[in-house]
Each structure stands twice: as C-alpha cells, then as structure tokens.
Amino acid sequence: MTEVSAASLSTRFAPTRRRFIAATATAIAAPILMTRNSWAQGKEIVIGIWGGAQGEFIRKQVIPAFEKDFGCKVLAEEGFTLPNISKMRATKSNPKYTVMFVDDLAVPICKGEDLIAPLPVEKMPNMANLFPRFNYENGYSTGLGISIGTMYRNTSGKAPTSFAELWDPRYKNGIKLNSWQNTSGLFFLIATAAIVTGKPFAEAQYEVDKIWPKLAELKPNIQNVYTSGVEAANEIAQGQAILGGIDYSKFIYPYTAKGAPIDMVFLKEGCFAGVNCQVLVKGGPNQDLGAAFMNRMLSKQVQKELAEFALVSPPVSGVELSAQAQKYVAYPDKRMDELSLFMPDWTHINKQRAAWTESANRIFSA
C-alpha cells in the first residue's frame, strides 16, 4: 500500500482559502432571499392591470422581477377602470382577483360596494413614503401614477391663458372636446362651472348644473366630441385642429418628447390630477402576496422606472428622476401645488355623472 503523507492529504483534500471564502459567501448569500420570501414560494395571484404603455411596463418589467424574487406566479389581465370594477362585482361571492388597478374615481365606488379591503400597512412599508394626498379613503387605496389633466394644442398657434378664451370666435371649429364618457372629459364641465361662477375648481365642481347655457355657446367652436384620445392627439399634431381636451399628459407628452408639434396648455384656473390607483380585492386569494406586490409598486425603483417610461408622476417621495422625465411630470408634490393640480370630489361626481352626461349629450347631439 502506498503511503500518503499528512502534508499530501492536506494539499489534496483540505479546501483552499479561496474555495472556503467562495463556499462561505454562497452559503450565506444564496438562502437570504429564499428564506425571506419562502412564505411566497409557489403562490399565485391574479391582478387586473391597465392596457397601453403602462400595462406593457407592468407586464414586461415589474411582474417578471417580482416572480423571480418571490418564487411565485402573477397572472395579469389588462383592462380599464370600469371593466375592472365589473370584474370585481361579478366575482364578489368567489373572488378571483387579488389586486386591481383602477382610477381614483373608482375607489369610493369600490369601498361603498364592499369590493375592497383596507390595505395592510404593516406589510407595505413603502407606504411610509406615500404623499398623504394619494392615500385614498383612509387606507383603502394608494396612487400609482399621476397625470396632468388640461387642454393641449398644436404649437404652431398662440396658447390661450384661460379656459374663458375657448369661447373666442378665433377657435371656431377648432377644438376637439374630450367626451364626458371619459373620466378626463368630465373635467371640462368643472372648468366651465369655474368660468360661469367665478369660483375655483374646488367650489365650482358642486355647481355644474349652472353651466348648460354657457356650454351650448361653445358649440360653434367644437369640431367634434371625441372618445379616442390617441386619434385626437394625432389629428391636432397634424394641424387638423387647434386645441383638444381636457385630457391627460400621459397621452400627449410622449408625442411632445418625440418632437411632434403638440403640447399641454397651462391655464390660469389650474389643472386636474388624473390618478391611477391600486386596491386590494376583499377576500381575494393570497392577500399577503397581493400586499407584497402593491408594496413593490410603491418602491422608489419601480416608481422611477414607471415615471420615466410612461411620463407619470410618482406618488411617493424620494424618487430621483432623469432630467428628461422632469420636463414632463409634476414632481415632487411641491410642483403639483405650483400647477394647482386639482383632485375632484369623486364621491359627489359619481352621483352626478349620469345626469351631467345626459345634459351634455343633449347639447352636442342636437
């Protein structure tokens, strides 16, 4: 039998210093994430997200990283606010969805119909950075992305300085008016009430019933009432109309950023806030995983990427945006105040919306 010296055994079988360090580092680092998120392994949730560019970002950027970090599955269905409310209603007795994305107008509706649950703040530490104005219904929803709602124009002409100027004959057949079927279209009714009453938006929103004769006087200046914001923006960029709106900056600024002759118009009466929100569906599967996903949506990294991709303002503090994004978003909250970004009373407006729609339709369908 061949003798093997102790020194030889040590050389052949004892781990080298480099191997030991590498093995130790792997043993320490590898299980940290798995251990921290082991409770989520193999779980699944279904969420309702937006369509369009924001939905594409969520599907391609946020969900895959979240699934990897938590060892879970997130199934996303694209939709819009009203269809997403309908989905929650249809499955209320046996909830299918865990997280749903809706606009701010829907939050009081969802709470009133007992479709959503209070947010588990203890499981959503990123809520500590949430601007208070974007905490809805005392902890039932958070904002996710904020757009500026105002008129927009072809930049070849002079911009108006007040909503009152839109009745000027120089705009005859030159304005594309956003339909009140669209949430952002309702803002024009409030703006008209501000012109009629001389009151700020916060007070004028309760006096919309006074606007109908004044709104009828605008009819000669209206080229058409649109429902497709993309189509209207394209036509205004091509010079087929002078002004459009009220609509959201997230639909207009991507054209502006690419050099199209179109831009938002900031009028002295102020602007409106269009807020995309998230809610936790009451009784939905795997609520803990849903809370983790909602918390991820509020992280500074996701908010930075979403803001720079879709040109929407983050609802949380401490996000460092690129210089390019800062040109187009109202951020931080101090900038929102500078623009007089108004957030309507949706509980009131939702009750009046059907009557307002009927009255406006009578004027523009005649």
Side-chain angles (χ1 to χ4, degrees), residues 146-180 182-201 204 211 214-215 217-226 228-274 310-313 323-331 334-344:
I146 301 92
S147 295
I148 302 166
T150 187
M151 302 297 291
Y152 57 98
R153 69 184 181 103
N154 184 290
T155 55
S156 63
K158 181 181 178 181
T161 59
S162 167
F163 278 103
E165 292 181 39
L166 304 188
W167 277 257
D168 192 292
R170 75 176 184 270
Y171 292 114
K172 183 176 181 180
N173 200 40
I175 300 174
K176 291 184 174 294
L177 190 62
N178 191 3
S179 172
W180 27 93
N182 298 327
T183 300
S184 48
L186 293 169
F187 296 151
F188 193 85
L189 305 183
I190 298 173
T192 303
I195 299 303
V196 170
T197 65
K199 297 178 179 180
F201 294 156
I211 75 170
K214 182 68 173 178
L215 192 63
E217 293 174 6
L218 186 65
K219 194 173 178 180
N221 290 0
I222 302 303
Q223 186 180 105
N224 71 307
V225 176
Y226 70 83
S228 172
V230 172
E231 183 178 335
N234 278 322
E235 291 175 350
I236 287 178
Q238 294 166 14
Q240 297 180 34
I242 304 170
L243 293 170
I246 294 173
D247 220 325
Y248 292 136
S249 57
K250 66 181 179 181
F251 299 134
I252 306 303
Y253 276 150
Y255 294 97
T256 310
K258 293 178 182 178
I262 189 171
D263 203 358
M264 304 300 288
V265 182
F266 295 97
L267 305 169
K268 69 179 185 181
E269 292 83 6
C271 305
F272 295 83
L311 299 181
V312 293
S313 305
Q324 174 74 356
Q326 287 176 343
K327 294 179 183 178
Y328 301 113
V329 303
Y331 188 81
K334 179 182 177 181
R335 177 60 176 156
M336 298 177 192
D337 292 336
E338 290 172 353
L339 292 173
S340 300
L341 213 59
F342 174 64
M343 299 170 65

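Side chains included, hydrogens not; waters and symmetry mates left out as well; all remaining heavy atoms used.
With sequence neighbours excluded, the residues satisfying salt bridge (charged side-chain N to carboxylate O under 4.0 Å, His left out) with Arg335 are Glu338. Legend: residues meeting ring pair (Phe, Tyr, Trp, His ring centres under 6.0 Å) with Tyr253, ordered by chain and number and at least two apart, are Tyr328.
A heavy-atom distance below 4.5 Å is found between the side chains of Met336 and Ser313. Looking only at side-chain heavy atoms (C-beta outward), Ile246 and Asn178 stay at 4.5 Å or farther from each other.
Rounded to the nearest 0.5 angstrom, Asp263 CG and Ile252 CD1 are separated by 9.5 Å. Interatomic distance, Asp247 CG to Met264 CE, rounded to the nearest 0.5 Å: 7.5 Å. Interatomic distance, Gln240 CD to Glu231 CD, rounded to the nearest 0.5 Å: 9.0 Å. Between atom CG of residue Asn221 and atom CG of residue Asp168 there is a gap of 7.5 Å, rounded to the nearest 0.5 Å. Annotation: the span from Ser340 atom OG to Phe266 atom CZ amounts to 11.5 Å, rounded to 0.5 Å. In this structure, the separation between OG1 on Thr183 and CZ on Phe272 is 13.0 Å, given to the nearest 0.5 Å.
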TODO: Evaluate side chain to side chain contact (heavy atoms under 4.5 Å, CB included) for Leu186 paired with Leu189, printing each intermediate quantity in order.
DONE: CA-CA 5 Å; Leu186 293 169; Leu189 305 183; 4.2 Å; yes
- [ ] Would you sort out whether Tyr255 and Asn234 count as a side chain to side chain contact (heavy atoms under 4.5 Å, CB included), showing the intermediate values?
- [x] CA-CA 9 Å; Tyr255 294 97; Asn234 278 322; 3.2 Å; yes
Open item on the list: One pair to check against side chain to side chain contact (heavy atoms under 4.5 Å, CB included): Ile195 and Glu269. What are the steps and the verdict?
Closed with: CA-CA 9 Å; Ile195 299 303; Glu269 292 83 6; 3.6 Å; yes
Task: Ile146/Tyr331 under side chain to side chain contact (heavy atoms under 4.5 Å, CB included): CA gap, chis, key distance, verdict - done: CA-CA 9 Å; Ile146 301 92; Tyr331 188 81; over 6 Å; no
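In this structure, Ser179 contributes its side chain and Val225 its backbone to no donor-acceptor pair below 3.5 Å. The main-chain N or O of Ile175 is never found under 3.5 Å from a side-chain atom of Gln223 such that the two would form a donor-acceptor pair. Formation of a donor-acceptor pair under 3.5 Å by the Asn182 side chain with backbone atoms of Ser184 is not found in this model. Between the side chain of Ser249 and the main chain of Ile148, a donor-acceptor pair closer than 3.5 Å is present. A donor-acceptor distance shorter than 3.5 angstrom exists from the side chain of Thr256 to the backbone of Ile262, with no hydrogens or angles considered.
Contacts classified as ring-ring contact (aromatic ring centres under 6.0 Å, His included) and involving residues 150-179 (residues at least two apart or in different chains) are not found.
Residues Leu311 and Pro254 come closest through the heavy atom pair CD1-N, 4.0 Å. Here the closest non-hydrogen pair linking Leu341 and Ala330 is CD2-CB, 4.2 Å. Considering every non-hydrogen atom in both Ala194 and Ala204, the closest pair reads N-CB, 3.5 Å. Phe188 approaches Leu215 most closely through the heavy-atom pair CE2-CD1, 3.9 Å. Across every non-hydrogen atom of Gly174 and Ala241, the tightest pair is O-CB, 3.6 Å. The shortest heavy-atom contact between Ser162 and Leu267 is N-CD2, 3.5 Å.
With hydrogens and angles left out, the side-chain atoms of Asn154 and Ser156 include a donor and acceptor closer than 3.5 Å.
More than 12 heavy atoms of other residues, nucleotides or ligands sit less than 6.0 Å from atom NZ of Lys219. For NZ of Lys172, the number of neighbouring non-hydrogen atoms (other residues, nucleotides, ligands) closer than 6.0 Å is 12 at most.
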